[in-house]
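Below is one structure, written out as structure tokens; comments come after it.
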Amino acid sequence: MQLSEQELVRRQKLEKLRALGINPYPADLFPVNHTSKQIKSNFEDDKQVIIAGRLMAINIQGKASFAQLQDSEGRIQVYFNRDEICTGEDKSMYNDVFKKLLDLGDFVGIEGTLFTTQVGEKTVMVKNFKLLSKALKPLPIPKQKDGVTYDAFTDPEQRYRQRYADLAVNPHVKEVFVKRTKLFNAMRQFFNDSGYFEVETPILQPIPGGAAARPFITHHNSLDIPLYMRIANELYLKRLIVGGFDGVYEFSKNFRNEGMDRTHNPEFTAMEIYVSYKDYNWMMDFCEQLLEHCALAVNGTSEATFGEHNISFKAPYKRITMRDSILEFTGFDIYNKSEDEIRAAAKGMHIEVDETMGKGKLIDEIFGEKCESNYIQPTFITDYPKEMSPLCKEHRKNPELTERFELMVCGKEIANAYSELNDPIDQRERFEHQLKLAQKGDDEATEFIDHDFLRALEYGMPPTSGMGIGMDRLIMFLTNNQSIQEVLFFPQMRPEKKKVDLSDNEKAILEVLKSQKRMDLTVLKSQSGLSNKGWDKGIKGLTKHGLTKVTKTEDSLIVELQD
RNA sequence: GACCAGUUAGCUCAGUUGGUAGAGCAUCUCCCUUUUAAGGAGAGGGUCCAGGGUUCGAGCCCCUGACUGGUCACCA
């Protein structure tokens, strides 16, 4: 492992600390009794406090120094004065341990008293300090002045790969994740207060149902069967409604083996809720109440900013049928039109369509192309074509439609809900229709039929409304982040490339040199078969690693193998 | 998958026409007892993403690749 100068220095400090009898990684608890935030909000001169955290700034001015200590709630200034810390003759605790052996990033415990400096900064006067954990790698700490940040740690690759460092140095990043958890808590509380029941259902499923997506597949050894990581949990929650729960919900990590971009991660979180004896109209009311509640809990206001848009999550939200939406934005009325008429209309709108697309798919294409992006404020789009919604109950007034809504915000779907299909015969036919579509080549159709789910429906499922919410997307809206990676602690990344110890060039040279131990440079160069540049890099690298040595004689250069 | 951009010190970034690799912060040494991007004096620190090509000579030009970001396509 190649260590930088700073990393070497810190390892040396580690040894010096141990030589002084200081354990850089002590085991015993440190009796913290205040946080930085408590000190600031409850400030009293001369109050004794015990705090702990990371050193994030050190400013030494001779016999006294200032430092910034960062704990989970923020930063507080601490003042190290030589004679306050070292009351006797021995000043080594200040002169050596503090000044020379502590570094930015180290965890330190501090006992001290509060005072205010001449410039008015609330500060802890250090009476005693203890190293709690030594940092061997320098953190990429940004600097701030007048609200401007310098040397900010901003490279997305580094930030995502080393989220721990990102969180340690970028308080605004931490804030996003605090809000994420607030959102989950708020939603959970809203459901629990409504009397609904949080459940857990299988992540490893023998049939990946409830959505159309490519699953991750794995294998169970003792059963010797394939298992799939769930792409949705819908069919399991409905089984629980069959079993007699009135309302069930689950925050579901789902897994889809598809493309990654700034709104898609292979694992993501959906919330699904199913409530019996309700329909999708009720669910729209419920949804807007829920989202208003959540926005308030997360941001303290139902207003949110997303990019250039200001969004209001205050209920109620506009509701429009898909037919009316298409009519509004294209002037085309899909009502009572044949598949061919709709295809022709789509072509007329310069939308790419092909012969495999059924009526529902065509309508969905038109909506996606011409309507979707117009809905900035939360809007319910209702009454989707039947073909696109194999788990949704047929519309009570029009057999070509379903009782379905999606909630659109800034042109993106964040919720999807149905009056759930509970007619087992209809459900079987829909599955079979999907199967045909899949065989026809529609890659969005579901190709599995879950017979156990059908059996459950045959026992009878009460009329039920269900809704799914994309939690990652919702928190993106509530924290004004355009990228899903910003709202996941550890977004999926390509594996880091391992740095090889020796390059191919270096290996080639060593291979030739091994047999001889000592060779003329020009001979070795030609036998290694490397290009000029390759040779140059290779031999320089080997010399740097201390594996070879080049010596000059009167008329030639000799390369020697070192031990 | 397509296109565009990026990759140089621990961090943020310069790097001219191809000619000895730079700055600020960080690090190290010294001075400094209420500072706050503290200040002052000095020093060290580089696989210029990787590989190949052109060239007397490449961080820079050409080719191939890796990774990241963005845009588009795909994705209920």
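Chain letters run A, B, ... following the sequence lines, proteins first, then strands; residues in each count from 1.
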Spacing of [X] atom [atom1] relative to [N] atom [atom2], expressed in whole Å:
X: Gln70(A); N: rU36(B); atom1: CD; atom2: C1'; answer: 16 Å
X: Lys99(A); N: rC28(B); atom1: NZ; atom2: P; answer: 12 Å
X: Phe98(A); N: rU35(B); atom1: CZ; atom2: C1'; answer: 12 Å
X: Ile351(A); N: rA73(B); atom1: CD1; atom2: P; answer: 13 Å
X: Met125(A); N: rU33(B); atom1: CE; atom2: C1'; answer: 10 Å

Minimum heavy-atom separation for Leu131(A) and Asp106(A), please, with both atom names.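 Minimum heavy-atom separation between Leu131(A) and Asp106(A): CD1-CB, 4.1 Å.
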
Tell me whether the OP1 or OP2 atom of [N] has a side-chain N or O from [X] closer than 4.0 Å.
X: Lys13(A); N: rU27(B); answer: no
X: Arg75(A); N: rU36(B); answer: no
X: Arg214(A); N: rC75(B); answer: no
X: Arg256(A); N: rC75(B); answer: no
X: Lys143(A); N: rA37(B); answer: no

Quick check: any donor-acceptor pair below 3.5 Å linking the side-chain of [X] to the base of [N]?
X: Asp155(A); N: rG69(B); value: no
X: Asn59(A); N: rU36(B); value: no
X: Gln77(A); N: rU35(B); value: yes
X: Gln61(A); N: rU33(B); value: no

[N] - base-pair partner by Watson-Crick or wobble geometry, distances under 3.5 Å:
N: rU7(B); result: rA66(B)
N: rG18(B); result: none
N: rU71(B); result: rA2(B)
N: rU27(B); result: rA43(B)
N: rC60(B); result: none

Look at all strands and tell whether [X] reaches a base, only sugar-phosphate, or nothing, counting heavy atoms closer than 4.0 Å.
X: Gln144(A); value: sugar-phosphate
X: Glu387(A); value: nothing
X: Lys100(A); value: sugar-phosphate
X: Asp261(A); value: base
X: Ile60(A); value: base

Please check if the distance between the ring centroids of Phe448(A) and Tyr228(A) is under 6.0 Å.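 Yes - the distance between ring centres of Phe448(A) and Tyr228(A) falls below the 6.0 Å cut-off.
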
Is there ring stacking between Tyr150(A) and rG24(B), where the centres must be under 5.5 angstrom apart and the planes under 30 degrees?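 No; by the centre-distance and plane-angle rule, Tyr150(A) does not count as stacking on rG24(B).
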
Which one of Thr402(A), Asp279(A), Asn422(A) satisfies the side chain to side chain donor-acceptor pair (under 3.5 Å) criterion with Lys393(A)?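 So the option named by the test is Asn422(A).
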
Which class fits the ring pair Phe80(A) and Phe98(A): parallel under 30°, tilted 30 to 60°, perpendicular over 60°?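 Answer is parallel, since the angle falls under 30°.
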
When you match Arg10(A) and His264(A) each to their closest nucleotide on RNA chain B, which lands nearer the 5' end?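 Whichever sits nearer the 5' end wins; that is Arg10(A).
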
Nearest-nucleotide 5' precedence on RNA chain B, Asn416(A) against Phe153(A):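 On the 5' side of the pair lies Phe153(A).
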
Is there a donor-acceptor contact under 3.5 Å from the side chain of Thr117(A) to the main chain of Glu121(A)?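 Yes.
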
Of the listed nucleotides (rA76(B), rC67(B), rG44(B)), which one gets closest to any side-chain atom of Glu5(A)?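 Nearest listed nucleotide: rG44(B).
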
Could you tell me whether the side chains of Gln77(A) and Thr123(A) share a donor-acceptor contact shorter than 3.5 Å?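 There is such a pair between these side chains.
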
